[in-house]
Amino acid sequence: MTRAEPALVVKYGGAAMTGGRLSAAAMHALTVLVGGCRRLVLVHGGGREVTEEAARRGLTPRFVDGLRVTDPDMMDVVRTVLVDRINKDLVGQLQGIGIPAIGLSGEDGGMMTARTLRVDGVARFGRVGEVTAVDTKVLTEACEAGLVPVVASVAPDADGLPHNLNADTAAAALAAALSADQLVYVSDVQGLMADPADPSSVIARLGSDDLAALLRDRPPLGGMLPKLSGALTALRSGVPVVRLVDDQSLLGACTAGTGRGTTLHL
């Protein structure tokens, strides 16, 4: 996939879903984007459903720096919910509105290879992975066949052991490997806010140097941290624009760069 064949990677966060379902606004946006012959890859989260399933199994979720600590029992929950449940549900939803979707995960066709994420040499997060390699063949072939890949963020390590990938990080890695012209993070907030308690304080634009300084000097808390880290990785890997939006702004952001949200750029 080349710049002559523009690629758009959309990561749809679990917090923006209701019961594992895409919103009506997101469904409309995706229909328009696919109808415009965009090479579109949808990466999804599902943290809320993972937490709910973990509770049903008597497991207590733990998070560090916005990442879910994943022991073997939690890994089983993650894989079951993301790959076997949400991924298939999303494919069904898209097919129901005429979008020819295909469900995939990082385990399919060697799409993504991971290694255990370590901080100062310590695996603080359990079986949480970081992407070490991306093979875009499966995605490229799907797009060329007119299909929309829907990707769950689970990938094996070199020994085949499945790892939980933060979906923001996985989307950034795929966008970089596909030489995407845009990466869009869709969540339940309207963008990066100067004051997290004030929705009117959304930062409209931020350059990569200022983003790097923000991450270095005043890292945001919770789920925004992996989004911004992924955005910086994508920008430095050649993706020219990363947007942080809610579902109501998805279409405008992808087609005209308009609507409420945060645009991150080089």
Side-chain angles (χ1 to χ4, degrees), residues 1 7 9-14 20 40-47 49-51 53-54 61 63-91 101-119 123-143 147-180 183 185 223 225-227 229-234 237 239:
M1 194 171 294
V9 176
V10 175
K11 185 268 178 172
Y12 201 92
L40 190 150
V41 175
L42 179 65
V43 181
H44 67 84
E49 286 76 11
V50 169
T51 297
E53 179 62 24
F63 293 87
V64 176
D65 293 336
L67 298 176
R68 184 185 302 272
V69 177
T70 307
D71 61 15
D73 288 338
M74 189 63 74
M75 185 67 235
D76 183 65
V77 173
V78 168
R79 201 178 189 193
T80 297
V81 172
L82 294 187
V83 179
D84 297 336
R85 187 182 306 168
I86 293 179
N87 191 264
K88 289 179 171 57
D89 286 348
L90 292 178
V91 168
I102 181 171
L104 300 167
S105 79
E107 296 179 278
D108 292 314
M111 184 195 307
M112 288 187 281
T113 304
R115 67 184 172 203
T116 302
L117 177 63
R118 297 178 182 275
V119 177
R124 298 174 56 200
F125 311 99
R127 212 188 294 175
V128 169
E130 58 181 340
V131 179
T132 58
V134 176
D135 185 337
T136 62
K137 181 180 179 180
V138 171
L139 295 176
T140 301
E141 290 179 348
C143 289
L147 301 173
V148 175
V150 180
V151 182
S153 53
V154 173
D157 64 11
D159 296 320
L161 189 67
H163 279 62
N164 178 19
L165 301 179
N166 179 274
D168 297 323
T169 304
L174 292 178
L178 290 166
S179 297
L183 166 63
Y185 289 118
L225 180 56
K227 286 180 180 58
S229 297
L232 185 60
T233 297
S237 299
V239 179

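All values derive from a computational prediction rather than experimental measurement. Keep in mind that the numbers below use all heavy atoms, side chains included, and drop hydrogens, waters and symmetry copies.
Taking each heavy atom of A158 and T113 in turn, the nearest pair found is N-CG2, 4.2 Å. The two atoms that bring V83 and K88 nearest to each other are O-NZ, 3.8 Å, heavy atoms only. When all heavy atoms are compared, the tightest approach of S153 to H44 is OG-O, 4.0 Å. A pairwise comparison of heavy atoms in A167 and K11 identifies CB-CE, 3.5 Å as the closest pair. Residues H163 and A114 approach most closely at CB-CB, 4.3 Å, considering heavy atoms. When all heavy atoms of A172 and G230 are compared, the pair lying nearest together is CB-O, 3.2 Å.
Two residues are said to be in side-chain contact when any heavy atoms from C-beta on lie closer than 4.5 Å; M111 and D135 fail this criterion. Looking at L139 and V134, their side chains never come closer than 4.5 Å, going by heavy atoms from C-beta outward. For the pair L67/R124, no side-chain contact is recorded, criterion being any heavy-atom separation below 4.5 Å from C-beta on.
Remark: of the listed residues L161, D157, N164, V78, L161 is the sole one forming a side chain to side chain contact (heavy atoms under 4.5 Å, CB included) with R127. Partner F125 forms a side chain to side chain contact (heavy atoms under 4.5 Å, CB included) with one of N166, T70, V64 and no other, that one being V64.
Here E53 contributes atom CD and T51 contributes atom OG1; the two are 11.0 Å apart, rounded to the nearest 0.5 Å. Here T80 contributes atom OG1 and I86 contributes atom CD1; the two are 11.0 Å apart, rounded to the nearest 0.5 Å. Between D71 atom CG and D76 atom CG the span is 10.5 Å, to the nearest 0.5 Å.
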I would like to know whether L147 and E141 meet side-chain contact (heavy atoms from CB on, under 4.5 Å); could you show each step before the answer?
-> CA-CA 9 Å; L147 301 173; E141 290 179 348; over 6 Å; no

Residues V154, E107; criterion side-chain contact (heavy atoms from CB on, under 4.5 Å); working and verdict | CA-CA 7 Å; V154 173; E107 296 179 278; 3.6 Å; yes

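Within a 6.0 Å radius of CZ in R85, more than 12 heavy atoms belonging to other residues, nucleotides or ligands are found.
Of the possible donor and acceptor atoms, one in the side chain of N87 sits under 3.5 Å from a partner among the backbone N and O of V150. Under a 3.5 Å cut-off, the side chain of Y185 and the backbone N or O of D168 do form a donor-acceptor pair.
With 3.5 Å as the limit, one finds no donor-acceptor pair spanning the side chains of S105 and R79.
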